[in-house]
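Here's the structure we're looking at; comments come further down.
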Amino acid sequence: MAGARRLEIPDLILFEYKIFEDERGFFAELWKRGEYLAAGLPYDFVQVNLSYSRPYVVRGLHYQLKPSEQGKLVTVVRGRVYDVAVDIRRGSPWFGKHVAVELAPGRALWIPPGFAHGFQALEETLFLYLVTKEFDPQRDRCAKWDDPALGIRWPAPEKAILSQKDRSCPPLAEAENNFEYPI
Ligand SMILES: Cc1cn([C@H]2C[C@H](O)[C@@H](COP(=O)(O)OP(=O)(O)O[C@H]3O[C@H](C)C(=O)[C@H](O)[C@H]3O)O2)c(=O)[nH]c1=O
């Protein structure tokens, strides 16, 4: 890891990791337990996910209800995304607020349990992320990606490509949510 800094919502941590490039291509350590624990990421991981997105695809805003709440360490293997994390912990000083960062190879974002996550691909993107609890389809939930109440300034909302599921997510105010602050 080359660096770590907490964002405007301090539970979110943006990591920079070194990319070793040579004539063959590149190598990078995406996660190393001791370094990331020391930098404040107090979790281990139990599942690794990979998704491929065409330009302008939006995935989100997703989260899993407790007791299957997931922390996510998200990064881009190839491409570029506008990544968004929304605080959905009732009672949080930042409830309904979000942080948006551009992710490309070399950057990883730690999103703890209690946040809804989504991104818009800015180009063809391979998105890889580690999660702290396994996928639980019974507790998988979503909130409306372009909910006016959230004020997310997506880069290209008019070009968004969404799944059927993501086209029918409720606004955050109506979404099922069992997160209380602090987690
Ligand atoms: C997340 C997940 C999905 N699936 C199955 C369920 C569906 O049949 C298929 C596609 O699922 P979904 O449309 O939910 O995939 P994404 O839209 O990429 O969802 C993810 O994207 C946003 C950005 C997230 O932060 C979440 O981690 C995750 O929900 O994969 C699995 O089998 N295991 C899994 O862990």
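Whatever order the structure lists ligands and atoms in, that order sets their numbers, starting from 1. Computation of the quantities below employed the complete heavy-atom set of this structure, encompassing side-chain atoms and omitting hydrogens, waters and symmetry-equivalent molecules.
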Please indicate, with yes or no, if any protein heavy atom is found under 4.0 Å from atom 11 (O) of ligand 1? no
To check your reading of the model: name the closest protein heavy atom to atom 18 (O) of ligand 1, its residue, and the distance in Å. Arg59 NH1, 2.9 Å
Spacing of CZ belonging to Arg167 relative to CG belonging to Leu162, to within rounding of 0.5 Å: 6.5 Å
Can you find an N/O atom of Gln70 closer than 3.5 Å to an N/O atom of ligand 1? no
Under the ring-ring contact (aromatic ring centres under 6.0 Å, His included) criterion, do Tyr17 and Trp31 qualify, and how do the steps go? CA-CA 9 Å; Tyr17 55 86; Trp31 173 68; over 10 Å; no
Could you check whether any heavy atom of Tyr63 sits closer than 4.0 Å to an atom of ligand 1, since that is the contact criterion I want to use? no
Is the closest protein non-hydrogen atom to atom 7 (C) of ligand 1 under 4.0 Å? no
Counting heavy atoms only, which of Lys165, His117, Gln164 comes nearest to atom 23 (C) of ligand 1? His117
Enumerate the atoms of ligand 1 whose separation from the nearest heavy atom of Lys72 is less than 4.0 angstrom. 24 (C), 25 (O), 26 (C), 27 (O)
If we check side-chain hydrogen bond (donor to acceptor under 3.5 Å, both in side chains) with Lys133, which of these qualifies: Gln70, Gln64, Glu69? Glu69
Assess the residue pair Ser53 and Arg59 against the criterion (side-chain hydrogen bond (donor to acceptor under 3.5 Å, both in side chains)); give the C-alpha distance rounded to whole Å, side-chain angles, the decisive distance to 0.1 Å, and a yes or no. CA-CA 9 Å; Ser53 295; Arg59 295 175 186 264; 2.8 Å; yes
Ring centre gap for Tyr43 and Trp110 strictly below 6.0 Å: yes
Identity and separation of the nearest protein heavy atom to atom 35 (O) of ligand 1: Gln47 NE2, 3.0 Å
Quick test: of every protein heavy atom, which one is nearest to atom 20 (C) of ligand 1, and how far off is it to 0.1 Å? Tyr129 OH, 3.3 Å
Contact between ligand 1 and Glu134 is defined here as a heavy atom of the residue under 4.0 Å from a ligand atom; is it met? no
Report the C-alpha distance between Tyr63 and Phe115 in whole Å, list the side-chain angles of each, state the deciding distance to 0.1 Å, and finish with yes or no for ring-ring contact (aromatic ring centres under 6.0 Å, His included). CA-CA 7 Å; Tyr63 58 97; Phe115 284 74; over 10 Å; no
Can you tell me the protein heavy atom closest to atom 22 (C) of ligand 1 and the distance? His62 ND1, 3.2 Å
Looking at every heavy atom in both Lys72 and His62, which two are closest together, and how far apart are they? NZ-O, 3.5 Å
Is the cationic atom of Lys18 (NZ for Lys, CZ for Arg) positioned less than 6.0 Å from the six-membered ring centroid of Phe20 and within 45 degrees of its normal? yes
Considering Trp145, Tyr52, Phe135, Phe119, which one's heavy-atom position lies nearest to atom 31 (C) of ligand 1? Phe135
